[in-house]
Asker: 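Pasting in a structure now, in structure tokens, and then I'll have a few things to ask.
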Amino acid sequence: MSAHVDYPVRVEARLDPEMSRWVWLVKWFLAIPHYIVLAFLFVAFSIVSIAAFFAILFTGRYPRGIFEFNVGVLRWSWRVSYYSYGALGTDKYPPFTLKEVEDYPAKFEVAYPDHLSRGLVLIKWWLLALPHYLIVAILGGATWFAWRSDDWQAAGPGLIGLLVFISGVALLFTGAYPKPLFDLILGLNRWVLRVAAYASLMTDRYPPFRLDMGGSEGGGTLAVSPDATASPGGAAVRGWGPGSILALIVGVVLSFIAVGVGAAGGVGLWADQTQRDAAGFISTDTETFSTTAHAIVSESIDIEVEGAESYFPNDLLGEARMRVTATDGNTPVFVGLADSDAAARYLNGVAYAVTDDFHGDIESIRSGASHPMPPAEAGIWTASVEGTGTQTLIWEVAEGDWTLVAMNADGSEAVSIRADAGLEVPALSGISIGLIVAGGILMLIAGGIVVAATTRAHGRKS
């Protein structure tokens with residue numbers, strides 16, 4: 001089929017006349033540096049595309065600097081795909097650049113749109129593109145589909161991957177790439193890249209349901225300007241050099257850190273304001289623990305706060321609390337806090353269950369045949385309570401290696417309790433606000449870096 005060049009996305013490639021029979025077998029390894037860089041670039045692509053979405057929604061224009069960057073990312077991705085398992089069309093190693101490289105055999109261009117529909121931007125990337133997404137999922141040059149039943153599963157490459165594999169096998173045994181397969185593979189990749197450009201908001205022209213096969217679009221040169229040195233109004237495009245790309249990646253990574261820091265502060269502030277009970281504790285849910293052994297013991301709680309007073313108030317963690325009730329409501333129970341070494345000596349030879357600080361399930365059972373003395377007589381406890389009904393143990397959090405122990409008050413076997421643990425954390429509000437502020441500052445810095453990178457790549461000369 002002959003290609004139609006009136007579509008604003010142009011995908012072309014030239015098949016190398018002579019290629020190695022076997023290099024394609026290791027291109028997955030050779031392309032690893034590109035895969036790493038592209039992982040960061042596509043994160044940046046996603047973030048700046050959100051900015052472009054709002055710019056189009058409010059102004060009807062795709063910001064030129066962002067457009068040049070996003071076209072460059074797709075161009076870079078196409079070159080790597082053409083070199084590797086999207087086509088295997090060349091053994092020439094892809095350059096590390098967003099710019100068009102004249103002598104590289106894979107080309108990708110998109111005409112810059114003077115105006116884009118502010119209404120279509122709301123629906124074209126998901127609703128209108130849905131039929132194409134279904135087709136692309138089958139073509140799947142870089143994707144895999146899988147299916148499974150109750151007792152088996154299988155997976156395989158998309159159509160492009162399968163055709164490329166067949167071409168690679170032919171190359172291995174004959175030394176020649178089948179030209180008809182090349183034409184078909186290029187047509188399928190062209191379809192995928194047109195959809196990618198449309199879904200990335202770069203054009204309002206709907207991708208044609210048409211298989212334009214062959215390496216050349218044909219019919220002349222498409223009017224594009226992704227690497228032009230000048231644009232209307234005297235704008236000078238400096239291009240995305242290594243410095244601009246590195247700055248953009250740094251800005252994107254920093255923005256993710258900022259979001260994480262700010263989100264942690266938001267969660268902390270939410271917990272401080274909404275999750276405290278009447279006594280001021282933030283508690284776990286009440287869990288039921290049962291064992292045939294003599295005790296239920298927490299994993300060692302290692303608390304290190306040395307030097308924390310230099311940054312936070314001395315009461316950073318405040319008090320801790322544990323509430324324990326026998327599940328039958330009548331059996332006297334004991335709960336105590338002790339130094340981990342002392343608790344281990346007391347329970348030496350005794351069967352007991354281990355849990356994760358009384359906010360998870362029983363993790364393991366330690367075997368033993370000894371019968372412990374009643375816990376209240378052990379004399380090892382930093383804090384302890386016992387009795388019927390709900391027993392509430394409260395202690396000041398301090399440095400050390402601690403273990404919580406819950407038992408029947410007489411030390412007998414078969415412990416069954418309901419328990420929850422809580423922490424006061426009086427400094428939580430201040431810490432959370434600090435994290436939110438820090439996240440905001442980091443986001444401003446990240447935004448400044450991204451804007452600077454975009455401005456540098458697409459600056460204006462006086």
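Counting from 1, the numbers follow the sequence of the chain as shown. Heavy-atom basis, side chains included; hydrogens, waters and symmetry copies ignored.
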Asker: Without swapping roles, check the side chain of Asp204 against the backbone of Ser117 for a donor-acceptor pair under 3.5 Å.
Answerer: yes

Asker: Less than 4.0 Å between a side-chain N and a carboxylate O, is that true for Arg321 and Asp277?
Answerer: yes

Asker: Anything under 30° is parallel, anything over 60° is perpendicular, the rest tilted; go ahead and classify Tyr93 against Tyr83.
Answerer: perpendicular

Asker: Heavy atoms only: give me the nearest Lys27-Leu88 pair and the separation to one decimal.
Answerer: CD-CD2, 3.9 Å

Asker: Below 4.0 angstrom, N of the basic side chain to O of the carboxylate: do Arg75 and Glu100 qualify?
Answerer: yes

Asker: Would a distance-only check, ignoring hydrogens and angles, find a side-chain to backbone donor-acceptor pair under 3.5 Å from Tyr112 to Tyr62?
Answerer: yes

Asker: Minimum heavy-atom separation for Ala295 to Leu347, with atom names?
Answerer: CB-CD2, 4.3 Å

Asker: Both conditions, 6.0 Å and 45 degrees, for the charged tip of Arg10 above the ring of Phe108: are they met here?
Answerer: no

Asker: Looking at Glu18, I'd like to know if its CD atom is crowded, meaning that more than 12 non-hydrogen atoms belonging to other residues, nucleotides or ligands lie closer than 6.0 Å.
Answerer: no

Asker: Is there a side-chain contact (heavy atoms from CB on, under 4.5 Å) between Met213 and Leu186? Walk through the geometry before answering.
Answerer: CA-CA 6 Å; Met213 297 195 300; Leu186 260 292; over 6 Å; no

Asker: Where the side chain of Trp191 meets the backbone of Gly187, is there a donor-acceptor pair that is under 3.5 Å apart?
Answerer: no

Asker: May I ask you to establish whether Lys124 and Tyr198 are in a cation-pi arrangement, using a distance under 6.0 Å from NZ or CZ to the six-membered ring centre and at most 45° from the ring axis?
Answerer: yes

Asker: Taking all non-hydrogen atoms of both residues, which atom of Glu217 and which atom of Val11 are closest, and how far apart?
Answerer: OE2-N, 2.9 Å

Asker: Can you check whether Pro94's main-chain N or O pairs, donor with acceptor, with His34's side chain at less than 3.5 Å?
Answerer: yes

Asker: Would Thr403 and Ser298 count as a side-chain hydrogen bond (donor to acceptor under 3.5 Å, both in side chains) here? Give the steps.
Answerer: CA-CA 6 Å; Thr403 297; Ser298 73; 5.0 Å; no

Asker: Check the pair Leu423, Val397 against side-chain contact (heavy atoms from CB on, under 4.5 Å), reporting the backbone distance first and the verdict last.
Answerer: CA-CA 9 Å; Leu423 197 59; Val397 176; 3.9 Å; yes

Asker: Would you indicate whether Tyr133, at its atom OH, is surrounded by more than 12 heavy atoms from other residues, nucleotides or ligands within a distance under 6.0 Å?
Answerer: yes

Asker: Determine whether more than 12 heavy atoms belonging to other residues, nucleotides or ligands lie under 6.0 Å from atom CZ of Phe42.
Answerer: yes

Asker: Taking the six-membered ring for Trp, are Phe58 and Phe54 parallel (under 30°), tilted (30 to 60°) or perpendicular (over 60°)?
Answerer: parallel

Asker: Taking only Lys NZ, Arg NE, NH1 and NH2, and the carboxylate oxygens of Asp or Glu, determine whether Asp103 and Lys92 approach each other closer than 4.0 Å.
Answerer: yes

Asker: Can a side-chain donor-acceptor contact be found between Asp16 and Thr90 if the only test is distance below 3.5 angstrom?
Answerer: yes

Asker: Does the Ser340 side chain pair with the main chain of Ser300, one donor and one acceptor, at a distance under 3.5 Å?
Answerer: no

Asker: Looking at Arg190 and Asp212, would you say the former's side chain and the latter's main chain have a donor-acceptor pair under 3.5 Å?
Answerer: yes

Asker: Kindly state each residue pair satisfying ring pair (Phe, Tyr, Trp, His ring centres under 6.0 Å) with at least one member in residues 159-178, sequence neighbours excluded.
Answerer: Tyr177-Phe182

Asker: Would a distance-only check, ignoring hydrogens and angles, find a side-chain to backbone donor-acceptor pair under 3.5 Å from Lys179 to Leu15?
Answerer: no

Asker: Between Ile282 and Leu428, does the side-chain contact (heavy atoms from CB on, under 4.5 Å) criterion hold? Intermediate values first, please.
Answerer: CA-CA 10 Å; Ile282 300 174; Leu428 181 59; 3.5 Å; yes

Asker: Would you tell me whether Ser49 and Asn70 have side-chain atoms, one donor and one acceptor, within less than 3.5 Å of each other?
Answerer: yes

Asker: Under a 3.5 Å distance rule, please check whether Asn348 uses its side chain to pair with a backbone N or O of Ala344 as donor and acceptor.
Answerer: no

Asker: How far apart are the closest heavy atoms of Ile66 and Val48, and which atoms are they?
Answerer: CG2-O, 3.7 Å

Asker: Is there a side-chain contact (heavy atoms from CB on, under 4.5 Å) between Tyr352 and Val415 once you walk through the steps?
Answerer: CA-CA 9 Å; Tyr352 62 90; Val415 181; over 6 Å; no

Asker: For the side chain of His115 and the backbone of Arg61, is there at least one donor-acceptor N/O pair under 3.5 Å apart?
Answerer: no

Asker: Output yes when a side-chain donor or acceptor of Trp78 lies under 3.5 Å from a complementary backbone atom of Lys107, and no otherwise.
Answerer: yes

Asker: Closest approach of Ala353 and Ile365, non-hydrogen atoms and distance?
Answerer: CB-CD1, 3.4 Å

Asker: Does Phe29 CZ have over 12 foreign heavy atoms under 6.0 Å away?
Answerer: no

Asker: Charged N to carboxylate O under 4.0 angstrom, Arg276 versus Glu424?
Answerer: no

Asker: Do Glu12 and Arg79 meet the salt-bridge criterion of a basic N to acidic O distance under 4.0 Å?
Answerer: no

